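The structure appears right after this line, and notes come after that.
Protein chains get the first letters and strands the later ones, always in sequence-line order, with residue 1 at the start of each. Because the structure is a prediction, the values reported are computed rather than measured.
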Number of protein chains: 2
Amino acid sequence: MCPTSANAFVFLLVYSLEKKTPLKRKITLKHIARELGVSISTVSKALKNSEEIGSDTKEKVQAFAKLYNYKPNNIAISLKNKRTKNIGVIIPDIVHHFFTTVFRGIEKYANAKGYNVIVCVSDESFDKEVINMELLANGSIDGFIMALSSGTQLKNDYNHLKEVTEQGIPLVLFDRVAEDIKCDKVIINDKKGAYNAVTKFIKDGRKRIALITSEDYISVSRERAAGYKEALLDNNIEYNEDLILKFPSMEINENLIEDFFEREKVDAVLSVNEIFAIHSMRYVQSKGLKIPEDISFIGFTDGLLSKYASPGLTAIAQHGEQMGEIAAEILIDKVENDMEEETYVTRILEPTLIERGSTVN
Amino acid sequence: MCPTSANAFVFLLVYSLEKKTPLKRKITLKHIARELGVSISTVSKALKNSEEIGSDTKEKVQAFAKLYNYKPNNIAISLKNKRTKNIGVIIPDIVHHFFTTVFRGIEKYANAKGYNVIVCVSDESFDKEVINMELLANGSIDGFIMALSSGTQLKNDYNHLKEVTEQGIPLVLFDRVAEDIKCDKVIINDKKGAYNAVTKFIKDGRKRIALITSEDYISVSRERAAGYKEALLDNNIEYNEDLILKFPSMEINENLIEDFFEREKVDAVLSVNEIFAIHSMRYVQSKGLKIPEDISFIGFTDGLLSKYASPGLTAIAQHGEQMGEIAAEILIDKVENDMEEETYVTRILEPTLIERGSTVN
DNA sequence: AAATTTAACTAAAACGTTTTCGTAAAATTT
DNA sequence: AAATTTTACGAAAACGTTTTAGTTAAATTT
């Protein structure tokens, strides 16, 4: 029989009291040295198989270290080497498929290179971004990988980034970047993604192509809007601002969708994200329109929703994992061979159109 | 005009060469001391506003430190205090809505308490879990929060966890836990979640209730299967193993779904995850069945897919963020006041049923 | 004026490494 | 046998803090 309370915020507590087992404290070089009657430096060298140390001493030390499972203390090594083997990642949100994907790429590459990743979430806030960055910059990490928070992009204040790079800490920006920051960048060609999507619509004979987007201060939205416009103009289709639905925030507002689709007759929709696209698809479906016959959809960032929507949403894939790997590669390279000249590279990945049921084939 | 290459793996490289600006190296106590002609200890104390130091010296030191933006080095402090203010989080996968949600809770709480989070992804592999854990345990973190990889659960080997706890490093397990590990745990009542879902089906008059699940070595699947069985038996409905579809891996296999639904006539489906549920819904819809009239669905973990499926998938919410916060709270409490007695607590959160279109109201 | 207290500071150890420089003793060369 | 080289090790500094235990000089008390 199951317990009966159904309240999510009531929970069970199960206690168990154990006698405290004696701690196996971590052993240090000093302990080994004392125990074996040799000096700390001898132990250190013996463990590194140094030629300086006699083979019987080496054997003795190594055997002892193995027996007591000696592992050097990371913090002490970091202090000595002025290298932490940690990289700091600051992203606006972690519950977000794209960022998560990039993170996986970063973590994968970093781990393979022996680095750990410290993640901080800026929560789209300028202040949190600054605080976290300054905290980590005080010796905790060897370099940063980040995507700007919308708060930062809105404020257009990048002093915290400048501070960090001026201290010689490498920085790689991805996806949400800013022109005037001097650092390495990895982005995808958002403009091209939008351009290709609109071009496909036009090839499919669509005439009234809408754009659903967010405010322009988000760099990627701006780029995508530019690609949308350019594709229309290149194909001699009128660029009509009435066909652009601009959401003031990331929060979905069903009324805006309803107003828009009641007001404008459109036969194709490009959306800067999945959520806006899915909501719109559902709305037009509820109005009896058929997708893709009456109206087709393409959405940015190929995530779970696109894949499992019904019909599947044709999507512009951003290759997040690859982006993360590249960012990590650039960063770690900078960290490990900090060269004399200051050369910055911007890598621009090409988006890919993943065709699904929301567009005609 | 946009560039023409459409290959995602061809990318543009933009170089920019700058003359290296002189580095503003981080300043240390030693620098301040030398510059001001006082000792390091005086500087340290002055910055802490110690009563031992004369007020003019304090003023001088503080002003100097502020001017040169002195910030203590985290690593040095960690070495001294034997406290890193980092917590290690090891999860099987990061591109996974539930884990991501838990992570948000952890990060939020930890950050508020001045802790940073180092994430490692075990990728469901026992070996990676062990390696990452041992690496972090060598001084990099003050405690661990983790969910066991499926590899570990399959192998049933928890020596790496034991090693760590025996060294006095606090450990909190969440969601994917194991009975025989002595540590704090935060889980949701999976059995109850399944029990409630099946009970709802029965109340709605469903007779042939299927379960779609994964192999039993995943602790949560086992619990959910138990709740399913118990609810049936409590309601005098035959427990029929033919109505259980067990996927051998997390990879979706459309053939198994097809075989299952062709073979068995079912009017309700409980799925241990969203993906299995969504796929099944699509399959039965393609066969002309109406949801929820002909067949209803409930899926575990209320994620994006449930919300945006069509119809919306009634889901059992796992309260991941709350789980993360609680785990972090327990851990940090242990880290900061490591008590004499060894008491372990298991907090069991109650699941909540989020009703949507896939079940009748 | 001598003894004591207080104020204001410094030296040094400690955290756990790595590494440079020394130095005895042993082995080798003259 | 004396001079030189090699072998095998240790002392100490360094990384940047914090903290304990001094140590002066000035101020106060007797």
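Between the CG atom of L79(B) and the P atom of dA13(C) there is a distance of 17 Å, rounded to whole Å. Following rounding to the nearest Å, K26(A) (NZ) and dG16(C) (C1') show an atom-to-atom distance of 13 Å. Note: CG (L29(A)) to C1' (dT19(C)) measures 13 Å, nearest angstrom. Going from atom CD1 of I40(A) over to atom P of dA13(C) covers 14 Å, rounded to whole Å. Going from atom CG of N73(B) over to atom P of dT17(D) covers 6 Å, rounded to whole Å. Rounded to a whole Å, the CG atom of N81(B) is 12 Å from the C1' atom of dG16(D). The interatomic distance linking R83(A) (CZ) with dT19(C) (C1') rounds to 17 Å, in whole Å. Summarising the geometry, the separation between CG on L36(A) and P on dC9(D) is reported as 11 Å, rounded to the nearest angstrom.
Between the side chain of K45(A) and the base of dT20(C), a donor-acceptor pair under 3.5 Å is found. Between the side chain of K80(A) and the base of dT17(C) there is no donor-acceptor pair of N/O atoms closer than 3.5 Å. Taking only distance into account, the side chain of S41(B) meets the base of dA11(C) through a donor-acceptor pair shorter than 3.5 Å.
Donor-acceptor pairing under 3.5 Å is lacking for the side chains of T101(A) and E321(A).
Here T28(A) lies in heavy-atom contact (under 4.0 Å) with sugar-phosphate atoms only.
When ring centroids are compared, F103(B) and F99(B) stay outside the 6.0 Å threshold.
A heavy atom lying under 4.0 Å from DNA chain D marks the following residues of residues 46-64 of chain A, by number: E52(A), I53(A), G54(A), T57(A).
Put simply, the side chain of N69(A) never gets that close to the backbone of A65(A): no donor and acceptor are under 3.5 Å apart.
Between the OG1 atom of T152(B) and the NZ atom of K128(B) there is a distance of 12.5 Å, given to the nearest 0.5 Å.
Between E166(A) and K182(A), none of the side-chain N atoms (NZ, or NE/NH1/NH2) sits under 4.0 Å from a carboxylate O, so this pair counts as no salt bridge. Taking the charged nitrogens against the carboxylate oxygens, D93(A) and R104(B) do have a contact shorter than 4.0 Å, which makes a salt bridge.
Distances shown here put a side-chain N or O of K82(A) below 4.0 Å from the OP1 or OP2 atom of dG16(D). Contact check, T42(B) against dC9(C): no side-chain N or O comes under 4.0 Å of OP1 or OP2. Phosphate contact (OP1/OP2 of dT18(D), side-chain N/O of S44(B), threshold under 4.0 Å): present.
Heavy atoms only, all atoms of each residue included: L136(A) and I141(A) are closest at O-CG1, 3.3 Å.
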